[in-house]
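Everything below concerns the one structure shown next.
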Amino acid sequence: MGCDQLSPLIPAWRRFLLPQNPVKVTLDPHTAHPKLVLSEDQTSVRREREWQQVPDTPERFDYWCCVLGREEFREGRHCWVVEGEGEWLKYSWWAVGVARASVKRKGWIDMSPEGGIWAVQYKAGQLMSLTSPPTHLSLSPVPTRIWVCLDCTQQQVSFINADNGVEIFTFTAATFNGESIRPWFRLETRAIQLCLRDSTL
């Protein structure tokens with residue numbers, strides 16, 4: 001059965017995602033800031049107060065609490081779902097998106113396309129795109145479960161509310177510079193976690 005035949009059976013926003021390739025994304029512990037702790041299956045991350053005893057390697061973030069996904073993409077269209085959850089979610093601070101594989105890991109990072117990061121940020125109930133300068137987004141309700149959609153061919157990154165299919169923001173003409181692109185996550189609040197959900201359409 002083709003996509004056109006499926007159309008009466010699924011919401012329009014899911015049809016929009018069908019050309020993408022839903023992928024299983026896992027977190028790369030070798031890149032995780034020392035205050036971040038990954039689940040055993042590497043599909044969720046939480047922040048602790050104390051630094052963990054981990055090697056200070058060149059690939060590890062050491063200033064902002066960031067971690068990359070293991071997967072690297074150079075071509076095609078791919079998407080995955082990230083969800084924030086926890087008792088203090090409403091007051092939390094986190095961001096999701098993608099980054100060039102060469103993104104800076106040490107010291108202060110320019111979290112914008114100029115720094116090789118395309119992302120949206122949730123902070124205390126407000127959502128913004130990490131453009132330069134950041135763009136505040138007026139969405140109601142503010143989504144905490146988000147599709148991240150990467151199109152390497154068109155060089156664009158889209159974010160979609162996974163609960164109702166509303167487009168949150170799209171970066172166009174992204175300067176990937178022929179590099180591999182990796183999932184990117186930031187978590188600056190304790191008592192919540194970011195979870196990678198099953199992205200089966």
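Sequence positions, counted from 1, serve as the residue numbers for this chain. It should be emphasised that the depicted structure is a prediction, and the values quoted were computed from it without experimental measurement.
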Which of these passes side-chain contact (heavy atoms from CB on, under 4.5 Å) with Ile146: Ile160, Val81, Val120?
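The passing option is Val120.
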
Minimum heavy-atom distance [X]-[Y], with the two atoms named:
X      : Y      : answer
Leu68  : Phe61  : CG-CE1, 3.8 Å
Asp62  : Gly107 : OD1-N, 2.8 Å
Pro183 : Val25  : CG-CG1, 3.7 Å
Leu27  : Phe185 : CD2-CE1, 3.4 Å
Glu59  : Arg105 : O-NH1, 2.7 Å
Trp147 : Cys79  : CZ3-SG, 3.4 Å

Between [X] (side chain only) and [Y] (backbone N and O only), is there a donor and an acceptor less than 3.5 Å apart?
X      : Y      : answer
Arg182 : Gly69  : yes
Arg60  : His33  : no
Thr43  : Leu196 : no
Arg186 : Ala95  : no

Membership question, hydrophobic clusters at under 4.5 Å side-chain separation (ILVMFWY): are [Y] and [X] in the same one?
X      : Y      : result
Leu187 : Val142 : yes
Ile192 : Trp93  : no
Ile168 : Leu194 : yes
Tyr91  : Leu139 : yes
Trp64  : Leu36  : no

Tell me, please, which residues at least two apart from [X] pass side chain to side chain contact (heavy atoms under 4.5 Å, CB included).
X      : result
Glu114 : Asp110, Ser112, Ser132
Cys152 : Phe73, Leu150
Arg46  : Val37, Glu48, Gln193
Pro134 : Met128

Counterpart residues, side chain to side chain donor-acceptor pair (under 3.5 Å), relative to [X] (two or more places apart):
X      : answer
Arg70  : Gln42
Thr26  : Glu71
Ser44  : Ser39
Ser102 : Glu179

State the [atom1]-[atom2] distance between [X] and [Y], to the nearest 0.5 angstrom.
X      : Y      : atom1 : atom2 : answer
Asp163 : Thr144 : CG    : OG1   : 6.5 Å
Cys149 : His78  : SG    : NE2   : 11.5 Å
Arg190 : Ser92  : CZ    : OG    : 13.0 Å
Cys66  : Lys104 : SG    : NZ    : 12.0 Å

Taking 4.0 angstrom as the limit, do Arg47 and Glu188 come out as a salt bridge?
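Here Arg47 pairs with Glu188 in a salt bridge, since their nearest N and O are under 4.0 Å apart.
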
Does the side chain of [X] reach to within under 4.5 Å of the side chain of [Y], using non-hydrogen atoms?
X      : Y      : answer
Ile109 : Ile117 : yes
Leu127 : Phe169 : no
Trp184 : Val96  : no
Leu137 : Thr135 : yes

With sequence neighbours excluded, tell me which residues meet ring pair (Phe, Tyr, Trp, His ring centres under 6.0 Å) with Trp94.
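For Trp94 the ring pair (Phe, Tyr, Trp, His ring centres under 6.0 Å) partners, ignoring immediate neighbours, are Tyr122.
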
Would you give me the side-chain donor-acceptor pairs under 3.5 Å for residues 49-58, sequence neighbours excluded?
from	atom 1	to	atom 2	distance (Å)
Gln52	NE2	Glu50	O	3.0
Asp56	OD1	Lys106	NZ	2.8

Going by salt bridge (Lys or Arg N to Asp or Glu O under 4.0 Å), name the residues that satisfy it together with Glu72, two or more places apart in sequence or in a different chain.
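With neighbours one apart ignored, the set is empty.
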
Below 3.5 Å, can you tabulate the donor-acceptor pairs from side chains in residues 171-178 to any protein atom, sequence neighbours excluded?
from	atom 1	to	atom 2	distance (Å)
Thr175	OG1	Arg100	NH2	3.1

